[in-house]
Amino acid sequence: MPVLSFADLGGYHSLDLGQCREAGRVRAAQYRSADPYPHIVLDEFIDPQLLRRVISEFPDNSERTCFARDQERLKFQVRPDECDGAATRALFAELNSMPFVTFLSELTGIEGLIADPYFAGAGLHEIRSGGHLSIHADFPRHEIMGLDRRLNLLIYLNDDWQQEYGGALELWDREMRGCRKAVLPVMARAVIFNTEEDTFHGHPDPLTCPPERTRRSIATYYYTAPKRDMMRFERTTDFRARPGSHDKRDWQIMFHHLKADWLPPILQRRRGV
């Protein structure tokens, strides 16, 4: 039985909030105590038949430009909005939905997670034979939304993937001394892990699969708002009196906003002000 079940709503598949919350809660201890950093590997994460519909819609990347650097070679990535398939777009919508974000929060203990409607660096990934992705830590900040990156989700789309093909996701220790876990990218297997400045991962050796095979995956990333300086005054709800009315001015809030807008940060941190 899949970890997360999709209800069929007349051809549209939707996640259940309660089931997502419970699925995350029961696996939370395993996730948070994992080595070398918080992560989990989940087989049959969602129904393989649903994923095979995504595979049937997988775009032809033969005319697309791939990454061709020493650090990442023969890698293609396609955003969901660049895909024509209804199943693909619907699945990505669910991976950005409240039930799924709730699952992630229960699993990881990270509150206030935000899905990425821009799919920066995310979407459908494909790497051809001979390609690789060197060990790395991910970009820490979403350039458009100004958010901190916190989680990666990878779901693999590779039926009958053989170990000799290579392409296992390697999780390295935080000191980059060695690989602590290798995860073969087999069908319907998901990997979820924290993204920090030292959560190193990748599949650094060139794929040795047959030329007609490729390593395919779904990738989505999740963020939180930057931590606020709790010692500073923040603006709050700003009630205003209507001209010529008997509305009461909120002098307390007006004074609060005056401090928030005009006091230098170093003085704001002195709570005696």
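Excluded from the calculations below are hydrogen atoms, water molecules and symmetry mates; all remaining heavy atoms, backbone and side chain alike, are included. Residue numbers start at 1 and run along the sequence shown.
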For the pair [X] and [Y], name the ring-plane relationship: parallel under 30°, tilted 30 to 60°, perpendicular over 60°.
{"X": "Phe103", "Y": "Phe45", "answer": "tilted"}
{"X": "Tyr37", "Y": "Phe193", "answer": "tilted"}
{"X": "His201", "Y": "His136", "answer": "tilted"}

**Request:** Assess whether atom CD of Glu175 is packed by more than 12 heavy atoms of other residues, nucleotides or ligands within 6.0 Å.
**Result:**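 More than 12 heavy atoms, drawn from other residues, nucleotides or ligands, come within 6.0 Å of this atom.
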Any sub-3.5 Å donor-acceptor pair from [X]'s side-chain atoms to [Y]'s backbone N or O?
{"X": "Glu72", "Y": "Ser134", "value": "no"}
{"X": "Asp43", "Y": "Arg189", "value": "no"}
{"X": "Arg53", "Y": "Gln49", "value": "no"}
{"X": "Glu164", "Y": "Cys209", "value": "no"}

Decide whether [X] and [Y] are clustered together by the hydrophobic rule: side chain heavy atoms of Ile, Leu, Val, Met, Phe, Trp, Tyr closer than 4.5 Å, transitively.
{"X": "Leu42", "Y": "Tyr221", "answer": "no"}
{"X": "Tyr156", "Y": "Leu133", "answer": "no"}
{"X": "Phe200", "Y": "Leu153", "answer": "no"}
{"X": "Leu74", "Y": "Leu124", "answer": "no"}
{"X": "Val41", "Y": "Met187", "answer": "no"}

[X] versus [Y]: any side-chain heavy-atom pair under 4.5 Å?
{"X": "Tyr222", "Y": "Thr195", "value": "no"}
{"X": "Val3", "Y": "Ile46", "value": "no"}
{"X": "Asp173", "Y": "Asp198", "value": "no"}
{"X": "Leu51", "Y": "Ile155", "value": "yes"}
{"X": "Phe6", "Y": "Leu91", "value": "yes"}
{"X": "Leu4", "Y": "Cys20", "value": "yes"}
{"X": "Arg79", "Y": "Glu82", "value": "yes"}

**Request:** Before giving the answer on side chain to side chain contact (heavy atoms under 4.5 Å, CB included), spell out for Ile110 and Asn194 the whole-Å C-alpha distance, their side-chain angles and the decisive distance to 0.1 Å.
**Result:** CA-CA 10 Å; Ile110 301 174; Asn194 281 21; 4.2 Å; yes
What distance do [X] atom [atom1] and [Y] atom [atom2] have between them, rounded to the nearest 0.5 Å?
{"X": "Tyr223", "Y": "Leu147", "atom1": "OH", "atom2": "CG", "result": "8.0 Å"}
{"X": "Ile40", "Y": "Ile192", "atom1": "CD1", "atom2": "CD1", "result": "7.0 Å"}
{"X": "Thr214", "Y": "Glu126", "atom1": "OG1", "atom2": "CD", "result": "3.5 Å"}
{"X": "Ile114", "Y": "Asn96", "atom1": "CD1", "atom2": "CG", "result": "11.5 Å"}
{"X": "Leu154", "Y": "Ser217", "atom1": "CG", "atom2": "OG", "result": "6.0 Å"}
{"X": "Asn61", "Y": "Arg128", "atom1": "CG", "atom2": "CZ", "result": "6.5 Å"}

**Asked** Apart from Ile127 itself, what residues make up its hydrophobic cluster when side-chain heavy atoms of I, L, V, M, F, W and Y under 4.5 Å apart count as a link, directly or indirectly?
**Response**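 Reading the cluster by chain and number, Ile127 sits alongside Trp161, Tyr165, Leu184, Val186, Leu207.
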**Request:** Please go through Met1's hydrophobic cluster and name the other residues, only I, L, V, M, F, W, Y counting, with side-chain heavy atoms under 4.5 Å joining them.
**Result:**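 The other cluster members (ILVMFWY side chains, heavy atoms under 4.5 Å, direct or chained): none.
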**Request:** Evaluate the criterion salt bridge (Lys or Arg N to Asp or Glu O under 4.0 Å) for residue pair Arg52 and Asp159; output intermediate values, then yes/no.
**Result:** CA-CA 9 Å; Arg52 289 190 179 96; Asp159 272 314; 2.9 Å; yes
**Request:** Not counting sequence neighbours, which residues clear salt bridge (Lys or Arg N to Asp or Glu O under 4.0 Å) with Asp16? List them please.
**Result:**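 Salt bridge (Lys or Arg N to Asp or Glu O under 4.0 Å) list for Asp16, sorted by chain: empty.
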Work out which heavy atom in [X] is nearest to a heavy atom in [Y]; give both atom names and the distance.
{"X": "Ser33", "Y": "Ala29", "value": "OG-O, 2.8 Å"}
{"X": "Ser129", "Y": "Pro211", "value": "CB-CA, 4.2 Å"}
{"X": "Gly130", "Y": "Pro206", "value": "O-CB, 3.5 Å"}
{"X": "Arg141", "Y": "Gly146", "value": "NH2-O, 3.0 Å"}
{"X": "Ala122", "Y": "Ala219", "value": "CB-O, 3.1 Å"}
{"X": "Arg32", "Y": "Leu107", "value": "NE-O, 3.3 Å"}

Does anything in [range] pair up under side chain to side chain donor-acceptor pair (under 3.5 Å), and if so which pairs, sequence neighbours excluded?
{"range": "residues 105-118", "result": "Asp116-His142"}
{"range": "residues 203-213", "result": "His203-Arg215"}
{"range": "residues 83-95", "result": "Tyr12-Glu94, Glu57-Thr88"}

**Request:** Using a strict 4.0 Å threshold on nitrogen-to-oxygen distance, state whether Arg174 and Glu196 make a salt bridge.
**Result:**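 Counted as a salt bridge, because a side-chain N and a carboxylate O are separated by less than 4.0 Å.
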**Request:** Before giving the answer on ring-ring contact (aromatic ring centres under 6.0 Å, His included), spell out for His39 and Tyr31 the whole-Å C-alpha distance, their side-chain angles and the decisive distance to 0.1 Å.
**Result:** CA-CA 5 Å; His39 75 275; Tyr31 181 94; 7.3 Å; no
**Request:** Go through the steps to decide whether Arg216 and Ile55 satisfy the test side chain to side chain contact (heavy atoms under 4.5 Å, CB included), and finish with yes or no.
**Result:** CA-CA 9 Å; Arg216 292 176 169 181; Ile55 294 172; 3.9 Å; yes
